[in-house]
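The structure appears right after this line, and notes come after that.
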Amino acid sequence: MTPVESYTADEMMSVAAARRLRDGAVCFVGIGLPSRAANLARATHAPDCVLIYESGAIGAKPRRLPLSIGDGELAETADTLVSVPEIFSYWLQGGRIDVGFLGAAQIDRFGNLNSTVIGEYEQPEVRLPGAGGAPEIASWCKETFVMVRQTPRAFVERLDFLTSLGRPHGRHGGVGVTYVVTDLGVLEPDAESGELTMTALYPDVTPEEAREATGWKLRLA
Amino acid sequence: MTPVESYTADEMMSVAAARRLRDGAVCFVGIGLPSRAANLARATHAPDCVLIYESGAIGAKPRRLPLSIGDGELAETADTLVSVPEIFSYWLQGGRIDVGFLGAAQIDRFGNLNSTVIGEYEQPEVRLPGAGGAPEIASWCKETFVMVRQTPRAFVERLDFLTSLGRPHGRHGGVGVTYVVTDLGVLEPDAESGELTMTALYPDVTPEEAREATGWKLRLA
Amino acid sequence: MAEIVPLDQAVRELVDDGDAVALEGFTHLIPHAAGHELIRQGKRRLTLVRMTPDVVYDQLIGMGCAQKLVFSWGGNPGVGSLHRLRDAVEHDWPAPLELEEHSHAGMAAGYAAGAANFPLGLVRGYEGTGLAERTNVGWVVCPFTGERLAAVPAIRPDVGVIHAQQADARGNVQLWGISGVQKEVVLGAKRSIVTVEEIVDELDPKPGSTKLPAWTVTAVCECPGGAHPSYSHGYYDRDNAFYVSWDGISRDRDRFLAWMQSHVLDTADVAEYHRILSGSEATPV
Amino acid sequence: MAEIVPLDQAVRELVDDGDAVALEGFTHLIPHAAGHELIRQGKRRLTLVRMTPDVVYDQLIGMGCAQKLVFSWGGNPGVGSLHRLRDAVEHDWPAPLELEEHSHAGMAAGYAAGAANFPLGLVRGYEGTGLAERTNVGWVVCPFTGERLAAVPAIRPDVGVIHAQQADARGNVQLWGISGVQKEVVLGAKRSIVTVEEIVDELDPKPGSTKLPAWTVTAVCECPGGAHPSYSHGYYDRDNAFYVSWDGISRDRDRFLAWMQSHVLDTADVAEYHRILSGSEATPV
């Protein structure tokens, strides 16, 4: 066996997220890192993970990583395909999903996310893609994993726009963000305050690096 | 050719209703007389009538008369099958149906129908099957044909229960009842008052017979 | 994740006295075998929910299992009245029966709302009818148009019961033909029982089929012929003669009780029911 | 009843300047050929509606066809930004673009409401987010539970446009694979255009297919390859390389305009588009 000498940030993030998925979990998966993480889990310790893509593919078992959420590979390997109104009503808001995955351009200390605009809404510096499935994923999955690179531009004191809630508890079905997986480590909400706290750092990452990459005064557990 | 010497009341009612269906009409059809009438129209002057059954069979082309609205024959010959929530939302309330057919235990002079109870609601003399599809058929089909035998017990001054509206106009999508086909002839609403008026009597039926069969003071056009 | 168990075990473990139970199947795939098992086990004070309470609910009501009926159309399709249902409503026999009745559109919206975990479904109807006064209906106002729409409560029974054609060995379910509200009642229920014609190694995709993943179902029970006298598209036809004969059987209390004794109470399961039936008066084909 | 006509005729007769037009297809069956025809005919002041405005709307916006965009997620899936969309929002080029944005769940509920002729759809969401302040959302209170639910307006475009695999000679449409909101947008629209891979004598039933009867569709147009660079399940795959190359083409205004000139404005139809494309830089496979 060759020791692993190096890995990319994306690989590390995928592994860290995959490890936190329990076998049998029903996952609402987007394209990119979430799809990679969920399929990695499925290929290793969690063969019975159920992958649901917002395109309506339920129980997809892709043999290669899909490039879009509507990839034909997902349709062909799914247990069943349903319409888009159905996936968002009977399945997502129906409260059937254990783990939802989200990315974002900005995250605040309570796991609220912005994927709408940087700058003012009416005169944005950067117009981002928008909400997509995020608001209801954040509110209705039993828990949410966020995957985002840790930089001061992304980890901000104050969001430019609140696209999805970090802590919807009570109001909706889920508890909100339980893990934020970054390229430096993993954050989890503090049990009392709910503030995201660094609970794991990858090998060779220092607390100082994590603090400098964060736009708020980061606490480490 | 042999002259037709006799016919049953059901046959005459089916023929009278069928003749009033224009070709190409999209019909919401129940079992029994309506199904017989619509299929007769389809077999004669209206081959392009579209038959929709509330079980979700759209464009059914039964080769024999079905005995229940969920008959396998309907499923096999339909252009498409949809779920029951879909048939009542996208198709019926969607306003896509030209002609709905209804029967009832009681009808009043404005085409309001009762298929719920005879007697008091809490202590009924006869508990009837109930509303089924009737309220939304009456309200959302562009027009409604009622098929019912003409007797003083059925054609009443006052309904024991108002199950579906005879004249939903304005409030909902359709104009309501346009024809009441009975075993004596056909009634249509008066253009001004909306009161059902006898506009056709079958051969050998006298106005007097029609009046005696009606629980309100019947007008004949 | 679905467990594959015998029907009697599923009914024993999943249905309690006093539960709201919905046996669905819109003229097709009606779970008669499951209804019979509820009767055999003497379940009581059930709230029975079903769009079209036909013969299966006539049997349950006549045998005293029901306290309340939530429904939209209660008749013997193409034949006439449900005599046991009428006897309960008109003469409190064998017990009074509370009614909550809707239109089909209202029930369908309630089931869809239940599946989606919404508290209410909407109908553009009820207004101006007697139903609006007699049933559990509310109103909402559209914030865009000002229109008043009827709201019906979501249907979320304790137990949803359906019949389907197939399940695979893992408990994934497939049904095809007229699909009714089969998906909605399973997804909206707290627990679910799916009886199937057969358990197969692999579900082969059928045009127009509905699939329920194993993780959405509580129990799957193999019950060939379990829809009789209803039908299973691709397996057997509707027993129209039975529906006609039910009119006579059910009209008289004693004859009804005798029939239930010999066909249901004295039989152990759906296979014995079919054996008895094949020798009986009920299907004079 | 559907008429089978050439695409240019359908667009000329059914789409007016200023119309609300929804081209749908959730990652699959995206009606690119129809989008190109809107550009060729120089349609203006359109309100473009679409859950996922990707390359097809980037092209329409960049060519100045749009006045307003109603959407839920605007990006180049798996690649990055839509540069023409961003240029319009950030720099008003070639014209300002008004936005109405929702979540996917909100758009899906709006389409379902449109198909059902309801004035509103419901979402258990929006509350507490920035969307609630920025978009066209209202509120209703559940009469049973007191819960406040978000209401989104029904989506009822003037013209609904989809791509599908097949139609028969009478205009009945069949599509299969990921079905998105294809049915809803056709049923909810005042007029509809369905482009198809082929017109066949008889639709052969496919598992999981969606069918639209001819009488629900206004125009059917044969357009083989009409979804490119999206895909048609069973006909051709997604052109992932094209989506990647679009990032470069669309980043620069002049390069974008040159590409649109040679591939769309200078081509007569989808067949010519494919001939030009096969010799161009756009698909360096």
Side-chain angles (χ1 to χ4, degrees), chain B residues 31-32 53-57 66-76 78 80-89 92-93 95 112-117 119 121-140 159-165 168 171-173, chain C residues 24-30 51-52 71-79 81-82 85-86 88-90 99 101-109 111-112 115 121-131 133-134 176-184 208 210 230-231 233-234 237-238 240 243:
Chain B
I31 281 307
Y53 289 80
E54 64 189 6
S55 52
L67 287 160
S68 100
I69 48 163
D71 203 297
E73 175 76 3
L74 300 176
E76 276 157 31
T80 183
L81 288 177
V82 302
S83 74
V84 162
E86 180 175 325
I87 202 81
F88 284 101
S89 58
L92 178 56
Q93 293 178 82
N112 298 307
L113 304 179
N114 171 19
S115 56
T116 302
V117 288
Y121 185 82
E122 298 291 357
Q123 290 292 331
E125 288 163 46
V126 183
R127 174 64 224 196
L128 302 166
E136 286 75 29
I137 289 172
S139 291
W140 286 106
L159 302 177
D160 290 352
F161 189 95
L162 202 169
T163 309
S164 71
L165 300 173
R171 185 179 281 164
H172 292 131
Chain C
E24 275 297 350
F26 199 85
T27 76
H28 174 216
L29 297 173
I30 301 172
M51 293 183 69
T52 55
F71 76 110
S72 43
W73 192 88
N76 183 343
V79 178
S81 288
L82 292 177
L85 167 56
R86 282 188 56 183
V89 175
E90 296 169 14
L99 297 183
E101 60 185 305
H102 289 272
S103 67
H104 278 348
M107 289 287 284
Y111 274 121
L122 298 179
V123 186
R124 295 182 78 184
Y126 284 69
E127 181 118 39
T129 73
L131 278 177
E133 292 155 33
R134 287 294 178 182
W176 62 94
I178 288 167
S179 62
V181 291
Q182 307 290 79
K183 179 185 274 190
E184 286 75 13
T210 298
S230 173
Y231 72 108
H233 201 114
D237 289 337
R238 190 171 190 268
N240 288 313
Y243 282 91

Inset, instruction - Report yes if some heavy atom in the side chain of C:Met107 is under 4.5 Å from a heavy atom in the side chain of B:Phe88; otherwise report no. - result: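 Counting from C-beta outward, C:Met107 and B:Phe88 never come under 4.5 Å.
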
Who among [options] has the most heavy-atom pairs with chain B under 4.5 Å?
| options | result |
| --- | --- |
| C:Arg86, C:Glu133, C:Glu90 | C:Glu90 |
| C:Val123, C:Thr210, C:Leu82, C:Asp237 | C:Val123 |
| C:Gly75, C:Ala105, C:Gly78, C:Ser179 | C:Ala105 |
| C:Gly180, C:Gly234, C:Ser230 | C:Gly180 |
| C:Ser81, C:Gly130, C:Ala109 | C:Gly130 |

Between [atom1] of [X] and [atom2] of [Y], what distance do you get to the nearest 0.5 Å?
| X | Y | atom1 | atom2 | answer |
| --- | --- | --- | --- | --- |
| B:Leu81 | C:His28 | CG | NE2 | 10.0 Å |
| C:Tyr126 | B:Leu165 | OH | CG | 13.0 Å |
| B:Gln93 | C:Arg124 | CD | CZ | 8.0 Å |
| C:Thr129 | B:Phe161 | OG1 | CZ | 6.5 Å |

Inset, instruction - Let me know if B:Thr163 has heavy atoms under 4.5 Å from chain C in its side chain, its backbone, both or neither. - result: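 For B:Thr163, backbone heavy atoms alone lie under 4.5 Å from chain C.
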
Inset, instruction - Mark yes or no for whether C:Glu101, through its side chain, and B:Ala131, through its backbone, hold a donor-acceptor pair below 3.5 Å. - result: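 Such a contact is absent between C:Glu101 side chain and B:Ala131 backbone.
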
Legend entry - Whether B:Trp140 side chain and C:Gly125 backbone form a donor-acceptor pair below 3.5 Å: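 No, because the side chain of B:Trp140 does not come within donor-acceptor range (under 3.5 Å) of the backbone of C:Gly125.
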
Legend entry - Winner by heavy-atom pair count (cut-off under 4.5 Å) against chain C, out of B:Val84, B:Ile137, B:Val82: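 Winner by heavy-atom pair count: B:Val84.
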
Inset, instruction - Decide, yes or no, whether a salt bridge links C:Arg134 with B:Glu122 under the criterion of side-chain N to carboxylate O below 4.0 Å. - result: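 Between B:Glu122 and C:Arg134 there is a salt bridge, with a charged N closer than 4.0 Å to a carboxylate O.
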
